[in-house]
Amino acid sequence: MSDSVATNTSTEEATAALTFDQFGLSADILKAVSESGYTKPTPIQAKAIPVVLSGSDVMGAAQTGTGKTASFSLPIIQRLLPMANTSASPARHPVRALMLTPTRELADQVAANVQTYSKHTPLRSTVVFGGVDMNPQSEALRRGVEILIATPGRLLDHVQQKTLNLGQVQMLVLDEADRMLDMGFLPDLQRILNLLPKERQTLLFSATFSPEIKKLASTYLRNPQTIEVARSNSTATNVRQIVYEVHESDKSGAVAQIIRERELKQVIVFCNSKIGASRLARVLERDGIVATAIHGDRSQSERMQALDAFKRGEIEALVATDVAARGLDIAELPAVINFDLPFNAEDYVHRIGRTGRAGASGDALSLCSANERKQLADIEKLIKRPLEVQTLQVATPMRRDGARRDERPARGERAEHRHGARDEAGSRRRTSSSSYDRPRGRQQPIDEFFLKPYEPSPSAMKRQEEAPEPERKSASKQPLAALLGGLGMPRKTS
DNA sequence: AAAAAAC
């Protein structure tokens, strides 16, 4: 079992011996890389950097936590270096590389990486995304940048406001492209792509190569080289995955218990709903765990504050929706907890990809209630193996300070806490009861489910194989397919 | 079912 790092590299023997200075990257870039503490390229970096440097288009499939951002940022910076200049004139700094991401946080993170890797070069970069004041972004664009990182909506907004011209873009990166399609960004992507010069290099990164992604690629990429470092839909071997059977009403208590028992200093807890995330954050806080929620209904400044505080270690539990599922890189995150199992099995892979990054080990701990069996089966089908299932007895919750959880809040505790506690008086009684003192009659049906020897529900798997994609192409699929059909049409660009 | 993203 000497797995993790050793296994990952030995499967990539051809590239195992590489160091960063074998790519022919400039000294300014290598300096920034080594200052960041990186000495050895990851498999995707080893494969992608030479290809991107050669000018070829790329279809990239990489697991999260594989160093994907550097794999395109470093060669892009290298290719732009000859065009860098030190002029103060904005006209001398046209946008030459555009990087698109599905979420604002991811854009911000990619931008931070690009900034780091280019800091010893004259290249300038900035990031634009929604939810924040446009003016500082416009001002940065007016001063001129060679590299722009953006979410699609705000980018188009800037184009419309004439604060941005994309006519000089030579390199385009579509990061998490499958996610962007999921989120309905295809029309925006098409608009953006039609604003770009046809003569350009395009890099498309996607967790999966679905038919939609392949169609997008065949329309907008030219003889792309495919780079795949790990089978997509697989999960890192250095992440231990455990599923805990719990009653739905015990979930909050279970999260608190897991955090305490495992002494987790930092954990992301994923919920399926924004309301659920806010609620759980409040409950955890009441349990003496420093927690905050991050989701799309919070203001952008709250989102950024939450993420920054979490990265600084000031917050123990970041309770998130899938806004945080993809791409976010938090150093040394020891665990993620799924409060809910995601509806999309693919999102499970992304969520747990937040831990065990860069060869570190991590735990992915999922709570599964009786009504989430289908999601569990879907996940096991996707990752092609059964998950280890344990039963979690949720003990009578105690606060961190040793007080009983249902004790009245200490004097001086924030008003919202008391309010939250009162709001949830009913559910609190349920969550604080252990499975031992639950009335037996009520829990009978659930227990029957849990007591059954665990199987990854072969019937469900078989059903799906026999009848592939039964009633799937409803509302959301239709316009996507139609639009994708349109992609094949000869483009008329001005 | 739910989430994300422009104003």
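Note on naming: letters A, B, ... go to the chains in the order of the sequence lines (proteins, then strands), and numbering restarts at 1 for each one.
- The nearest whole Å value for the distance from the CZ atom in A/Arg351 to the P atom in B/dA3 is 11 Å.
- Using a 4.0 Å heavy-atom criterion, one finds that A/Asp347 contacts no nucleic acid atom at all.
- In this structure, the CG atom of A/Asn344 is 13 Å from the P atom of B/dA3, given to the nearest Å.
- Between B/dA2 and A/Thr321, no contact under 4.0 Å exists linking OP1 or OP2 to a side-chain N or O.
- A straight line from CG of A/Asp297 to P of B/dA4 spans 7 Å, rounded to a whole angstrom.
- At whole-Å resolution of the value, CG in A/Asp188 and C1' in B/dA6 are 8 Å apart.
- Proximity of A/Lys274 to the phosphate of B/dA4: a side-chain N or O atom is located under 4.0 Å from OP1 or OP2.
- In plain terms, the two heavy atoms of A/Phe209 and A/Thr226 that are nearest each other are CE1-CG2, 3.8 Å.
- Residue A/Arg179 is classed as having no contact, given no heavy-atom separation below 4.0 Å to the nucleic acid.
- Listed candidates were B/dA6, B/dA4, B/dA1. Nearest to the side chain of A/Arg104 is B/dA6.
- Here B/dA1 presents its P atom at 14 Å from CG of A/Asp378, a figure rounded to the nearest Å.
- Between A/Ala70 and A/Gln45 the shortest heavy-atom distance is CB-NE2, 3.4 Å.
- A donor-acceptor distance shorter than 3.5 angstrom exists from the side chain of A/Asn165 to the backbone of A/Gly167, with no hydrogens or angles considered.
- For the pair A/His158 NE2 and B/dA5 C1', the computed distance is 14 Å after rounding to whole Å.
- The phosphate of B/dA4 (OP1 or OP2) has no side-chain N or O of A/Arg298 nearer than 4.0 angstrom.
- You'll find that the side chain of A/Phe343 is closest to B/dA1, out of B/dA6, B/dA5, B/dA1.
- A/Asp329 has no carboxylate O lying under 4.0 Å from a charged side-chain N of A/Lys68, or vice versa, which leaves the two without a salt bridge.
- Among the protein residues, A/Gly184 comes within range of no part of the nucleic acid, since none of its heavy atoms lies under 4.0 Å from any strand.
- Between the side chains of A/Thr202 and A/Arg200, at least one donor-acceptor pair of N or O atoms lies under 3.5 Å.
- Between the CG atom of A/Asp133 and the C1' atom of B/dA6 there is a distance of 14 Å, rounded to whole Å.
- In this structure, the CZ atom of A/Phe270 is 12 Å from the P atom of B/dA4, given to the nearest Å.
- Contacts of A/Asp322 with the nucleic acid, taken as non-hydrogen atoms under 4.0 Å apart, are absent.
- Residue A/Ser273 places none of its side-chain N or O atoms closer than 4.0 Å to OP1 or OP2 of B/dA1.
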